[in-house]
Q: 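What follows is a single structure, and I will ask about it in a moment.
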Amino acid sequence: MKVQTKAIALMSGGLDSTLAAKVVRDQGVEVVGLHLVSPFGCREEVKKSADAIGIRLLFKEKGAAYLDLVENPRFGYGKNLNPCIDCRIFMFQLADVVRQEEKADFIVTGEVLGQRPMSQQRHSMELIDRNSPTTGIILRPLSAQCFPPTIPEEKGWVNRDELFKISGRGRRPQMELAETLGLKDYSAPGGGCLLTETAFSSRLKDFFDHPTHQDETERLTQSEMLRLGRHFRLHPNLKVIIGRNQEENMALEKLWPKSGGTFLSPFNFDGPVAVSFGEASQVDFEQIGKIIARYGKSQSLAEKKIQLKCGSENTNFHVLEPVTDAYLESVRL
Ligand code: SF4
């Protein structure tokens with residue numbers, strides 16, 4: 001016999017989802033956190049948030065289906081390539097699968113009415129609910145009193161009187177609630193989604209417009225690389241990513257073997273690594289070598305050597321001079 005009500009709380013790592021999960025947990029509900037991992041990168045703080053409120057945390061990949069959705073959203077985009085309505089429906093679908101696996105009763109989210117322009121307006125929240133398999137079992141504790149009671153409230157699994165009526169774009173009510181609940185060191189409010197950023201969206205659009213992958217693994221790996229490095233489109237069939245620091249160089253080198261790209265690195269000087277995608281001639285590779293040289297440290301070295309790795313083949317070639325900054329600006333994504 002089931003003895004305790006159980007909920008799955010969608011956790012982004014931000015303050016609102018942490019508060020929502022804690023409010024429900026503090027009512028005696030067993031709460032399991034769920035972080036849906038985007039192909040574009042994971043938010044590190046989410047583990048810290050779950051630990052701070054003492055709940056177990058599950059991770060689930062959004063995967064290739066999410067890329068399909070972002071490329072062709074049924075309900076369109078927000079200001080950038082953020083398909084928020086489709087994204088929420090997708091997240092609720094995944095959360096409902098986990099809810100059933102975990103034999104949980106309902107789903108908790110940190111959504112606040114009016115907080116975000118596309119997905120958190122009343123009409124869009126109703127549209128999302130109508131198109132999700134979770135009608136009636138999505139509880140939004142921070143704004144619950146702005147909406148009719150949900151099943152968890154009607155059944156008495158949670159006490160509606162102890163839920164909240166927060167709405168609008170301001171952050172003060174959430175910060176005050178965090179203080180009341182003893183939550184400290186939470187990450188910056190809002191934000192966190194790369195799809196809402198103009199620069200990232202333009203890289204993503206270029207990625208959709210110029211596919212070079214042979215299979216889903218390459219497609220997912222390339223999408224993961226979108227947040228790394230400087231991106232340049234040298235011509236319609238050739239893109240190159242250049243690492244901006246040691247951490248990115250290491251990440252690019254680690255991802256490269258599954259990406260379908262070609263790996264280039266400095267051989268006799270310090271500088272960034274590069275991964276290129278598409279069709280490249282020897283002249284193109286030399287141009288990429290000159291870009292590496294431009295960002296490299298040994299400007300005085302007369303003959304810089306670049307190592308090129310394509311599949312299991314390794315070759316070296318020389319580069320005499322770096323590209324100009326004007327050239328870089330003309331090809332930068
Ligand atoms: S902001 Fe990003 S993660 Fe949030 S609903 Fe929109 S697309 Fe999805």
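In what follows, residues are counted from 1 in the order of the sequence shown. Remember, it's 1-based here, ligands and their atoms both numbered in the order they're listed.
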Q: Tell me whether the rings of His35 and Phe59 are parallel (<30°), tilted (30 to 60°) or perpendicular (>60°).
A: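 Perpendicular: the ring planes of His35 and Phe59 meet at over 60°.
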Q: Counting N and O atoms only, with roles assigned by atom type, does the side chain of Arg140 sit under 3.5 Å from a partner on the main chain of Leu113, one being a donor and the other an acceptor?
A: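 No, the answer is negative, given that no donor and acceptor are paired below the 3.5 Å cut-off.
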Q: Could you check if a side-chain atom of Asp26 sits within less than 4.5 angstrom of a side-chain atom of Glu162, using non-hydrogen atoms only?
A: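 No, every pair of side-chain atoms sits at 4.5 Å or beyond.
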Q: Does Ser265 offer a backbone N or O that forms a donor-acceptor pair with the side chain of Gln307 under 3.5 Å?
A: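 No, because the side chain of Gln307 does not come within donor-acceptor range (under 3.5 Å) of the backbone of Ser265.
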Q: Kindly say whether Lys6 contributes a backbone atom to a donor-acceptor pair with the side chain of Asp105 at under 3.5 angstrom?
A: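 Yes; at least one donor-acceptor contact below 3.5 Å.
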Q: Where the side chain of Thr134 meets the backbone of Phe92, is there a donor-acceptor pair that is under 3.5 Å apart?
A: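 Here the side-chain-to-backbone pair does not exist.
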Q: Ser223: which residues meet the side-chain hydrogen bond (donor to acceptor under 3.5 Å, both in side chains) condition with it, sequence neighbours left out?
A: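 Applying side-chain hydrogen bond (donor to acceptor under 3.5 Å, both in side chains) to Ser223 gives none.
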Q: For ligand 1, which atoms have a heavy atom of Thr196 less than 4.0 angstrom away?
A: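 Reading through ligand 1 atom by atom, the close ones are 1 (S).
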Q: Which residue and atom name correspond to the protein heavy atom nearest atom 4 (Fe) of ligand 1, and how close is it?
A: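 Of every protein heavy atom, Arg116 NH1, 4.3 Å lies nearest to atom 4 (Fe) of ligand 1.
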Q: Check atom 8 (Fe) of ligand 1 and write out every protein N, O or S atom at under 2.8 Å, as residue and atom.
A: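 As for protein N, O or S atoms lying under 2.8 Å from atom 8 (Fe) of ligand 1, they are Cys87 SG.
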